[in-house]
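For ligands, and for the atoms within them, numbers begin at 1 and follow the listed sequence. Every heavy atom of this structure was used, including side-chain atoms; hydrogens, water molecules and symmetry mates were not.
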Amino acid sequence: MDEEAAPRRWVQVAFSLPLAEFTYALPEGLRASPQLVGCRVKAPFRSGEKEGIIVGFPTEDPDPSKTKTLAKVIDEKGLFGPLTLDTARWVARQYLCSLGEALSAMVPIARKERNLPVWTAEEQASDHDLVLSLEQSEAVQALTADPDKLYYLRGMTGSGKTEVFLQAARWVLDQGRQVVYLVPEIALTWQLRETLVHRFGPAVAVLHSRLTPAQKLKEWRRIQSGEAQLVVGARSAVFAPVSDPGLFILDEEHEGGYKSSNSPRYHARQVALWMAAKVGAKVVLGSATPSLEAVHLMREGRLRTLTLSRRLAGGAPPAIRMVNLRGSTSSLTPELIDAVHATLARKRQVVLFLNRRGFTQSFSCKTCGYEAQCRHCSVGMTWHKGRNILLCHYCGSQARPMQVCPQCGSLDVGWAVVGTEHIEEEIATLFPSARTARLDSDTAEVKGHAEGVVEAFRKGDLDLLIGTQMVAKGLNFPRLQLVGILHADLGLALPDFRAAERVYGLIRQVSGRAGRFLPDGEVIIQTLRPDTPSILLAAQGKDEEFWTQELALRKALDFPPFTRLVRIVVRGKDEGKVRVEAQRLAEALHQAFPGPQGHEIPEVLGPVECPLATVAGNRRWQVLVRSTDFPLMHHGMTSVLKSVPTTAGTYREIDVDPLSML
Ligand code: ADP
Ligand code: ZN
Ligand code: ZN
């Protein structure tokens, strides 16, 4: 019999499991055709049934007697086209997971479709209400007309980046191509969607993980059918099933929200860069505080920098003062207290910022702020009180906690814990008549609380807002005059090579909240270590200088962006098993990468317990691999992870280019 006469009836199905694809026979009456790719199916699996996705056709016919038949093909039309499937294959390779795991992070799971609540945008505004500034028009011009593909739009909040993105998007849509516009957090999609609907009407679709599955499917289908051409969303929207994207926009590029914390641990920026290269689209990243990775690319000329240097809505950069916290027993210095009083007397508003990502287990000098660091890795060491040791969670080296501060001789060394609750009490005592609220991840868990607080502050129903990271992001308060940063050094001691970059970025972002609309913004930075480059240069706004210094350090210490890292976390209930498993993996990796430890050779660090050694009852150990030669490292790791099976009772988390090192 020839091929024509015997219609092929085999398909390959991927499941959301760390396993390769399986071959099944199609149900009676269906024959293999490209339209089936992307259709979800019900398949007999082990003793039950499981939902999977058709991803292709086997190159050779399987043994019919050993091949099960699908119970059902669910979709009439596949959920994705070739670009999405190629992207999924790349994600699986790059982030070391199965194709099925990659797809399950990308595509909707619902059967039924449901509409999103409809916006009643009053009227569609035209693009031409605003006269672009010279810098803005140059940026739009570059994004639309120049042959370059990769751009970085640098500019502080209020410098008009959004308008540049919108006009570039309009141009791409007019060319008949699609636009994917990402923000790092779901909370930021609401406002942006409103703006976009106002401007582009029904061409807008929204995708993020907090839509109901039915809503997500509806939006997904609207994009697939071409009804919607402008997709706005958070991280996972980078996988929107657009057929011919012309532009990817990633605002607030430096934000950690673009990196997935579950498998596959993809970074939306990397996915966008890959997809854009594949289809010849442009990518524009935007922020006032680019990640060091992006800075490095800009300096190498691989990203073209576009700059917006002025605030367009009447604001100006704030006046920044630094105050030494040394010797202060209170969280607020007299300078800051005076400034708060003065601001409140003017009926203007105050934000007090506390970096709570400060790690509570660092060992520091309370007099001068000195923190114990690993001699080999230059990251903060962690104090293990029970064993009374300082441990480096990168390389595993140990030290005794010092009794006397090696920097200033003070005996007041140990564990410094500062919490927002305590500060709230202090503030209530200091400013009894101020209307005060707190905004942090604890209070944010109460549904709607954060929105309520933000809205009240915006309207002027509150005078003073105490907050953590949440107040640094994308919030615009017209009446805000004073920003106080309470302990600028908190966070520097994190056992994370990005600690300084994060502290620098946070100070810049929080400062940027002041003076957004009026030119009289004021910032007071309280710190124990006013000479620390990340604090001093942030206060002076010397970005280029900070980046030069920080990049030099990263290079000297072999950290990204000069090397690439892969982090493997082994977790499980049983500490012994977890440790043995981590050791086994580390040994296999050492064997895969033999030779003296040099820079060209992937270097294996650990095993060592994670800085967060226990999470949800699971013990955690890690192995880090780093190299300047990513393909070599990646290839070696792929085969080691395949050849060393996981021990029962332990789980592996694989993180390529990790952002979180805890
Ligand atoms: P960014 O996205 O950089 O934070 P925005 O896009 O929010 O900045 O712009 C800040 C403010 O400036 C907005 O209120 C916006 O309407 C206004 N704006 C933007 N471009 C112009 C312009 N060309 N002329 C006047 N105002 C502008
Ligand atoms: Zn000291
Ligand atoms: Zn170390």
> Considering only heavy atoms, which of Leu153, Thr195, Leu130, Val131 lies nearest to atom 25 (C) of ligand 1?
Replying inline: Leu130

> Closest non-hydrogen protein atom to atom 7 (O) of ligand 1, residue and atom name please, with distance?
Replying inline: Arg516 NH2, 3.5 Å

> Looking only at heavy atoms of Met156, does any of them come nearer than 4.0 Å to an atom of ligand 1?
Replying inline: yes

> For atom 2 (O) of ligand 1, what's the nearest protein heavy atom and its distance?
Replying inline: Thr162 OG1, 2.6 Å

>> Working to the nearest 0.5 angstrom, can you tell me the gap between Trp547 CH2 and Leu537 CG?
In response: 12.0 Å

> Is there a donor-acceptor pair closer than 3.5 Å between any side-chain N or O of Thr189 and the backbone N or O of Glu185?
Replying inline: no

> For Gly155, is the nearest heavy atom under 4.0 Å from an atom of ligand 1?
Replying inline: no

> Are there protein heavy-atom neighbours of atom 16 (O) of ligand 1 below 4.0 Å?
Replying inline: no

>> Between Glu550 and Arg498 (salt bridge meaning N to carboxylate O under 4.0 Å), is one present in this structure?
In response: no

> Do Asp520 and Arg348 meet the salt-bridge criterion of a basic N to acidic O distance under 4.0 Å?
Replying inline: yes

>> Just to confirm my output: which protein heavy-atom neighbour is closest to atom 14 (O) of ligand 1, and how far is it?
In response: Ala313 CB, 4.3 Å

> SG (Cys405) to the Zn ion (ligand 2) to SG (Cys365): angle, nearest 10 degrees?
Replying inline: 110°

> What is the SG(Cys374)-the Zn ion (ligand 3)-SG(Cys395) angle, to the nearest 10 degrees?
Replying inline: 110°

> Around Arg304, counting heavy atoms of other residues, nucleotides and ligands shown, do more than 12 lie under 6.0 Å from its CZ?
Replying inline: yes

> Can you tell me the protein heavy atom closest to atom 18 (N) of ligand 1 and the distance?
Replying inline: Leu312 CB, 4.1 Å

> What part of Ser133, side chain from CB on, backbone N/CA/C/O, both or neither, has a heavy atom under 4.0 Å from ligand 1?
Replying inline: backbone

>> Please state which option from Arg154, Gln136, Glu252 has its nearest heavy atom closest to atom 23 (N) of ligand 1.
In response: Gln136

>> For atom 8 (O) of ligand 1, what's the nearest protein heavy-atom neighbour? Residue, atom name and distance, please.
In response: Gly160 N, 3.0 Å

> Between Glu253 and Arg269, is there a salt bridge with N-O shorter than 4.0 Å?
Replying inline: yes

>> Can you tell me how far apart CG (Leu250) and CZ (Phe165) are? Round to the nearest 0.5 Å.
In response: 8.5 Å

> Strictly by modelled atom types, are Arg567 and Gln622 linked by a side-chain donor-acceptor pair under 3.5 Å?
Replying inline: yes

> In ligand 1, which numbered atoms sit nearer than 4.0 Å to a non-hydrogen atom of Leu132?
Replying inline: 23 (N)

> Is a donor on one side and an acceptor on the other found under 3.5 Å between the side chain of Thr532 and the backbone of Ser534?
Replying inline: no

>> Between Tyr504 (side chain only) and Pro533 (backbone N and O only), is there a donor and an acceptor less than 3.5 Å apart?
In response: no

> What atoms of ligand 1 come closer than 4.0 angstrom to any heavy atom of Gly158?
Replying inline: 1 (P), 3 (O), 4 (O), 8 (O), 10 (C)

